[in-house]
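Below is one structure, written out as structure tokens, with a few remarks after it.
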There are 4 protein chains.
Amino acid sequence: MGRTTQRQDLKEERRREILEAALHVFAKRGFDKATVDEVAERAGISKGAIYLYYKNKDALFFSLFEQKMDEAREPITEAMRSATSLPDLVRRVVTAQLEFLQSNQEFFRIFSSEQARFDLDFQSDFRRLLRRRFNAYISELGKAIGRFVGPGEKTLSRDLALSLIGMMNTHTTDWIINHRSEPLTAKIDLIVSLFLHGVETFAAEDRALSA
Amino acid sequence: MGRTTQRQDLKEERRREILEAALHVFAKRGFDKATVDEVAERAGISKGAIYLYYKNKDALFFSLFEQKMDEAREPITEAMRSATSLPDLVRRVVTAQLEFLQSNQEFFRIFSSEQARFDLDFQSDFRRLLRRRFNAYISELGKAIGRFVGPGEKTLSRDLALSLIGMMNTHTTDWIINHRSEPLTAKIDLIVSLFLHGVETFAAEDRALSA
Amino acid sequence: MGRTTQRQDLKEERRREILEAALHVFAKRGFDKATVDEVAERAGISKGAIYLYYKNKDALFFSLFEQKMDEAREPITEAMRSATSLPDLVRRVVTAQLEFLQSNQEFFRIFSSEQARFDLDFQSDFRRLLRRRFNAYISELGKAIGRFVGPGEKTLSRDLALSLIGMMNTHTTDWIINHRSEPLTAKIDLIVSLFLHGVETFAAEDRALSA
Amino acid sequence: MGRTTQRQDLKEERRREILEAALHVFAKRGFDKATVDEVAERAGISKGAIYLYYKNKDALFFSLFEQKMDEAREPITEAMRSATSLPDLVRRVVTAQLEFLQSNQEFFRIFSSEQARFDLDFQSDFRRLLRRRFNAYISELGKAIGRFVGPGEKTLSRDLALSLIGMMNTHTTDWIINHRSEPLTAKIDLIVSLFLHGVETFAAEDRALSA
DNA sequence: AATGAATGAGGATTCATTCAT
DNA sequence: TATGAATGAATCCTCATTCAT
């Protein structure tokens, strides 16, 4: 391995460390309250060093966001690709996403607190990009659902995707803020069933049980 | 009406005006980027006057939150109380909540961006309170659902409540950040049906249609 | 005098004080080395207060520049207006300018150190404005000279103006950096004579003297 | 040539390269805004290497100044030495200086922006030295003029030297900041004539022309 | 000799909060 | 009550200089 490559690796490693530190700090404080100083301290380097790796606080934040969204997308995309039926699709996607969120609750905190402001300006076009990404994800899931629900039902498919994602998100929020001890993935069945058959499933079961 | 009461009323009126201004500014900028100056300007009073009515920026924010959550609760609680069946309950609650959010998207932005940090400290106990409120709302809806779904299914009912709320939230987010022109309430039917019968409803309809 | 007017006056007074402080600090340190802190300290106010009166350091500098150039222009313009002959014009202008510089050597330091960079960008268009002002002054003096030297000789007149100003500037520089005890205005005769009749005047006088 | 000498030469060569780079950067940005990084980049070496050749940024700046002043002095001194009459002296000096400035406008920018602060402290004694140099140049030219104007007229000669230099400087400034396309040396005749015979020369010519 | 990563002091700017009027 | 000028702590970012390699 050449010297240049080694150096490159070290640089990559350092970027990762900073991102890791940034993840915690941004999750704990939110973008605005987070200070570069705290990120540096957590990364065990000096404040100035941050700027050797990231142009500024925005860039650091954006980089973090991108990396995590990429990380999340892979298994979810894979889930969509390999699905053979609607139930199969839904189960795979919910599993993939909840598993990701379970091990990335800090990212979820960040994402969640930015989400409702994706249409507001944030240093020119940072948020625009996030919104695009968000919409792309919804569309992708919408299309996947559409394949089973009906070919021309674009709006409906999208709405269903939104709904499914919404359920997952609120359960994640609940799991995080109430420090649930059971794994987030324990909610997979519930969400899948509800999405597929509605509350009736549970009501039916219940009736059967109490009968 | 005594002089004191009149004064009291004036004070209340002023507090309302400030809250109104704060709502817009906090929604547009987020808590941290919002400045007391901008709130004052929007309220048409001086910066110093804000401090006559609210101890500090945090208190102002908190007060805003409380007021809006109260405002939201009323019609939703009413919906729960008067519901005669599960479908009826769901439709009433979804309608009430989406109607509220439709005319309070700014509050939703704020709420949404704080939500995922309700368990973290925020100037002593502000967030603790928000979390309590949030949980109270979920529980309330959970209980209402439980009345129809099954008496002892506490966890299930809560989970269903979470799910329903999640769907509404994501649709609201989508409606806000993508500046949808149709009213948010246009999603009522979709959400209600999905929650009650699951995706099958739509698939069935679709099949019928294409048959 | 109304309260508003009084406040306005106080504000004007404060602006003047800041400008006065800035003049000294910028002259001593140059634009870049000067700190807002030092200006504030010298003005006897807090750092933050500077920003109540000037948008930023650039604006403060620019304001200082403008004010001083306006101050300088008045008597010089008047000199040009009232001149009846070339010798009269030259004497009046040189007198006016040297008198101004004599009591504004700090401004001269600032001006002088910026002058040769008027074509370089400085926060977009600050320097552009300075250059325009500088050229306007040269043109004005050029036109005044042109009235006596020859009507169509635009370039020549401008060049003569440049030359005259150059002489004054170097004498001012010399007077400042070598801390001459005699007044700067002691050089009026020399400059006027040299400009009007060239070095011959002195050579002639000298010959006569030594004869 | 010994190994040591070779090494010495290499070192000298490297110092020259750095100085060359520094010249551009300092001229473009000014001393304070210029960064060692940019100098290094332009010199094609690493930032750290700069410090192998120059103690610090100040030393680099000083060295640059010295070198350029030496460079300028040579032809001007030669011009003074070989002059046979006042007109000859003036023409030679003006030609030499304008030629130098024409190919060293960047140095002029730097010099010009420091000039008016030669009497102020700058990292102990840097400016003291510059002032000495400046005065030495004036004196030298003053003496040369004195040889033709009159032996005992020290002050007068110095003042004439200052005047002549002043004219050249302003024309150079004008040429630089207004990006004149004609060469700076095109102003030689004007300056020489004006210095020798005063504005009358031009007025006379003009009158003759219009007669 | 040379590199360039790392440091940390320093500076511009913002803004919650106070307080004299 | 109301104002808005003033404060100064806090924060982002830059960059000269050092130093391990």
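Quick note: numbers below take in every heavy atom, side chains included, and nothing from hydrogens, waters or symmetry partners.
Here B/A34 lies in heavy-atom contact (under 4.0 Å) with sugar-phosphate atoms only.
Using a 4.0 Å cut-off between charged side-chain N and carboxylate O, C/R117 and C/E114 make no salt bridge. Ion pairing between D/R133 and D/D70 holds under the 4.0 Å rule for side-chain N and carboxylate O.
Stretches of at least 3 consecutive Watson-Crick or G-U wobble pairs, with each checked distance under 3.5 Å, appear in DNA chain F as E:2-21 with F:2-21.
Among E/dA5, E/dT17, F/dA5, the nucleotide with an atom closest to any side-chain atom of C/K11 is F/dA5. The side chain of D/T35 lies closest to F/dC15 when the candidates are E/dA6, E/dT14, F/dC15. Taking only side-chain atoms of D/Y53, from C-beta outward, the nucleotide of E/dA6, F/dC13, E/dA1 with the closest atom is E/dA1. Comparing E/dA16, F/dA6, F/dC13 against the side chain of B/K57 picks out E/dA16 as the nearest.
For A/K33 and E/dA16, the NZ to P distance is 10 Å, given to the nearest whole Å. As rounded to whole Å, 14 Å separates atom C1' of E/dT3 from atom CG of A/L52.
Between A/I45 and C/K47, the one whose closest nucleotide on DNA chain E sits nearer the 5' end is A/I45. Annotation: of the two residues near DNA chain E, C/D37 and A/I50, the 5′-most nearest-nucleotide partner is A/I50.
Ring centroids of B/F65 and B/F26 are separated by 6.0 Å or more, keeping the two rings apart. Between B/F126 and B/F61, the distance from one ring center to the other falls under 6.0 angstrom.
Residue D/Y51 places no side-chain N or O under 4.0 Å from the OP1 or OP2 atom of E/dT3.
In this structure, A/K55 fails the cation-pi test against A/F62, since its NZ or CZ atom is not both closer than 6.0 Å to the six-membered ring centre and inside 45 degrees of the ring normal.
For C/E41, the CD atom is loosely surrounded, since the number of other residues' heavy atoms within 6.0 Å does not exceed 12.
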